[in-house]
Participant: 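Sharing a structure below in structure tokens format, with a few things to ask.
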Amino acid sequence: MSRVAIVGVGHTVYSDPGSLKEPYWKLDFEAASAALDDAGMTKGDIDAVITASYDLYDGIVISAQFSAGAACSWWKDGTNLAEDGAFAIPSAYMKIRSGMYDTVMVVSHGTIHSHDVIMKSSNIACDPFFFRPIASNNLVLNALQASRYKDIYGISEEYAARISVMEHGNAMKNPHAHIKTEVSIAEVLNSPVLCWPIRALEYCPASSGASAIILATEELASWRATSKKIAYVKGIGWASETYQIGNNGSLDKIASTVKAANMAYEMAGIKNPTEEIDVAEIAGVTPYQELMLLEALGFCDFGKAISLVEEGVTAIDGKLPVNPSGGLICTNPVGGAGLFSVAEAAMQVMGMAEGHQIEAANVALAHGMSNVCGPAARASCVVIMESEK
Amino acid sequence: MEKDIIEVPYTWEIPFKYTAGEVLTKFFYELKEKRIMGIRCPKCKRVLLPPRGFCEMCFEPLEEWVEVSDEGVIGAFQICCMKFLGAPEPPWASGLIRLDGADTAILHFIGGIDLSDIEKGKEAIKIGTRVKAVWSDAPKGLITDIRYFTPV
Amino acid sequence: MSRRVAIVGVGQTETATKLKSYTHPELAYKAVRRALDDAGLSLEDIDAVVYGSMDEFDGINCPDRWDIDAGGGWHNKPFIKILTGGSTGHATASIAYQHVASRVFDVVMALGVQRVGENLDAQAVLNKAFNPLFLGDFTLGSIDGWALLTTMHMAKYGSREEQFALASVIDHEHALNNPYSHIKKKVTVEDVMKSPPVCWPIKYLECCPRSDGACAVIMVSEEKARELNRKAAWIRGVQYIVCTPYYGDRPGGVDWLNLAMAGKRLYKMCGITNPMEEIDVIELQAPFPIVHFLALEALGFCEHGEAGKLIESGATRMGGKLPVNPSGGVICTNQIGVAGLVRIAEASLQIMEKADKRQVAGAKKALAVGMGASRGQYQSVMLLTKDWN
Ligand SMILES: [Zn+2]
């Protein structure tokens, strides 16, 4: 069966939405144009388009209507997911696999300009009877989960801080990253508590920017310039979780990521992820979430993620570098974050990353989450890609 | 560009009325009488709180009401120290509380504690701490008829 | 070649301005339960779920999160959410179709939930769909935009107000046969003409209501359809097309070139050469009579400008040559983000001979037409058939 390939990747620069001078559709347009350039394609070469955006974050009902043209979908099949951008990849993969289309453009952005907007819109993502009146939002609910995880496995604040320090260090090497400041453990630990146990320097920013990816059939991928590499989609998986977090004795595990990873590993034939994956870009918005994700992705046993970090396995020069891009703690286009991670992972296997390129990165894992109400009804998406050998 | 980029300010103001449905309507009427009612699944036998029309595990419709205690145990908590649009003045805490007689936990405020020093706050609130509902004097049939849960 | 996909189960809830007995997820559950029962399946049998809704009407950012347990959240099922305005329902179905056609899954559910009755002014919500810099101040919501197209059609082709009124009369007539219809009231052309103008020339009795309702449709692979051995409707072909949100830009004006193009692609895909002769029944997402005109003309059921005559001929009535909207259509029930999925559900019921009092005898080919966002920026068509060939 013909493989599905990633033949073009485009990023805008990610920055502070407060300094944003253009509407979101202009960012979509820039990212889509960059991906077309990278693929050596023009607008007419694209058969179908998938955008991913949330209306409330853009402040426009059916905000996708303005992304559509920017992502070159006129006169084509064009759909919008109200999910994190990573979820557009499986949908594009299925569009190609169904035999209906040869090339699919995927575009997603973040432009939300304040934490107030994020928190208010995540509060009204909660049900109006039980969660909303208790001032819930994704930070509060993520903090609830983090405190439980921290308590159950005895994670010290220093460990969490170390992850933040590591991510900030990686972001310094990534020209597309938003936050570029070196931080020390002491600075992280002295930064104010937002929602205990999460501190200001441990929490993702809101970033503006867009990413675009072009997927194509293997036959069309063979047209890509021989000087450039191709990333083949080896495995995809996605899964959801219950909304009723009070049901759940296992708030200390991210069940949707476990399920999504298993689906993707099975499709990719991966038995031992830590051995077989060369680099991972994962969607942790706090260090605690990131630790839980390392476990959910099967990189170590439950409760053991801290030793993975302690041994330096996930460092940029480690055996399995995690978030060489600096991750979501440094670049978080809300809504488009997962596609940022997919683009970063693809750039690793395509040899397109710059200062943060991992050598001999042949197999990459990208992970995104729809995290609107934190752990309540969370959904996870995993994409595994491999470069041409 | 030399001139400032134009930004048009806008606030969405759209009124809504959310339907509680039959199950939650019963729950809220009982709550007004300071009774907390869970609902039992005929298949898995769990007493679910908040109550709901169907069991997400067994996918069965639910109708058997069971009164649960207004006392229970904290399963997870957070302490919010940041001001959010529309949220209470910080610091405040919320948590998942499993009430005696229920199999699942509800989310609610944890209060009656001095949170101004976060270290002291963490001492007062722990996973496993027993808490009890503090009721409003003028219940309206809303989840906030319980003002918060406080350590016993 | 795409894998063949069939619809084997349909579940709809009753509709009303407000279905007060259920919360949002309970309403979703009702539709899912009915679809599972119709297909003879249980929730465990569902491999993945595609969910559609237009958040803003319900006053919940991402109601998919609260509803997730009606779509297998507890069981960690793959679940994604689609949002493309009024065309959300159709887009949800077409993405669900690709889940199966791609061979990634065998049994997939498309689920739509909408509670337009929760907000106190639907037009205020719709107003937020317009570009705030250009259109937001000049448009009421939806009705005025359709009125523009109506006056354009009257000027270009001389169609008369009585002809538009008749399209509404026929929908109302058909709705009396549908237990799931919201408005059940016989009206005459005179009644319609005398009803107050809302945005002239659109009159009160030509306007869709705002409805609460949910719908679920279960799609399976050819192999699974054989195994289940139940009544099935084959998804013979599907097309989805996007054009510009700026309706002043749209080439063709009232000739709806984008829907015409989607129609041509669909007919080619399905080997249809004479749609009027070959198609037995249409379910059309027409919230106002003008959409009947634009769609019937664009899809080749008559020449441009001739839809009024076609409707006057009685062809589109039950018992006519080409019954349109045996369900009563969207003029009688509009659960906005679900209405497109209901068209597919109703077309499938026709093919499966499960449409009871609204059954078109001997229906072998049924066309479902969906559209949404700024006067049909998104357009879609799906052909459902009794036999593959
Ligand atoms: Zn149960």
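A, B, ... follow the sequence lines: proteins, then strands. Residue 1 opens every chain. Computation of the quantities below employed the complete heavy-atom set of this structure, encompassing side-chain atoms and omitting hydrogens, waters and symmetry-equivalent molecules.
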Participant: Do you know which of C:Val32, C:Asp58, C:Leu19 has the most heavy-atom pairs under 4.5 Å to chain B?
Facilitator: C:Asp58

Participant: Should we say atom CD of C:Glu14 is surrounded by more than 12 heavy atoms from elsewhere, each under 6.0 Å from it?
Facilitator: yes

Participant: Picking from C:Gly59, C:Ser42, C:Gly73, which has the most non-hydrogen pairs under 4.5 angstrom with chain B?
Facilitator: C:Gly59

Participant: For the residue pair C:Thr23 and B:Leu24, what are the closest heavy atoms and their distance?
Facilitator: CG2-CD1, 3.6 Å

Participant: For C:Lys354, does the NZ atom have more than 12 heavy-atom neighbours from other residues, nucleotides or ligands under 6.0 Å away?
Facilitator: yes

Participant: Are B:Val23 and C:Glu26 close enough, and set up right, to give a side-chain contact (heavy atoms from CB on, under 4.5 Å), and what steps lead you there?
Facilitator: CA-CA 9 Å; B:Val23 171; C:Glu26 288 163 5; 3.8 Å; yes

Participant: Taking non-hydrogen atoms and a cut-off under 4.5 angstrom, which of residues 48-74 of chain B neighbour chain C?
Facilitator: B:Arg52, B:Gly53, B:Phe54, B:Glu56, B:Met57, B:Phe59, B:Glu60, B:Pro61

Participant: Kindly check if the number of other-residue, nucleotide or ligand heavy atoms within 6.0 Å of NZ (B:Lys120) is above 12?
Facilitator: no

Participant: Is any side-chain heavy atom of C:Ile60 less than 4.5 Å from a side-chain heavy atom of B:Tyr18?
Facilitator: yes

Participant: Given heavy-atom pairs under 4.5 angstrom as the criterion, report whether the side chain, backbone, both or neither of C:Leu120 touches chain B.
Facilitator: both

Participant: Measure distances from C:Lys20 to the heavy atoms of chain B and classify the residue's part below 4.5 Å as side chain, backbone, both or neither.
Facilitator: both

Participant: Are C:Arg115 and B:Thr19 close enough that some pair of their side-chain heavy atoms sits under 4.5 Å apart?
Facilitator: yes

Participant: Would the number of heavy atoms belonging to other residues, nucleotides or ligands and lying under 6.0 Å from CZ of C:Arg34 be above 12?
Facilitator: yes

Participant: Find the one option among C:Leu27, C:Asp212, C:Asp69 whose heavy-atom pairs under 4.5 Å with chain B are most numerous.
Facilitator: C:Asp69

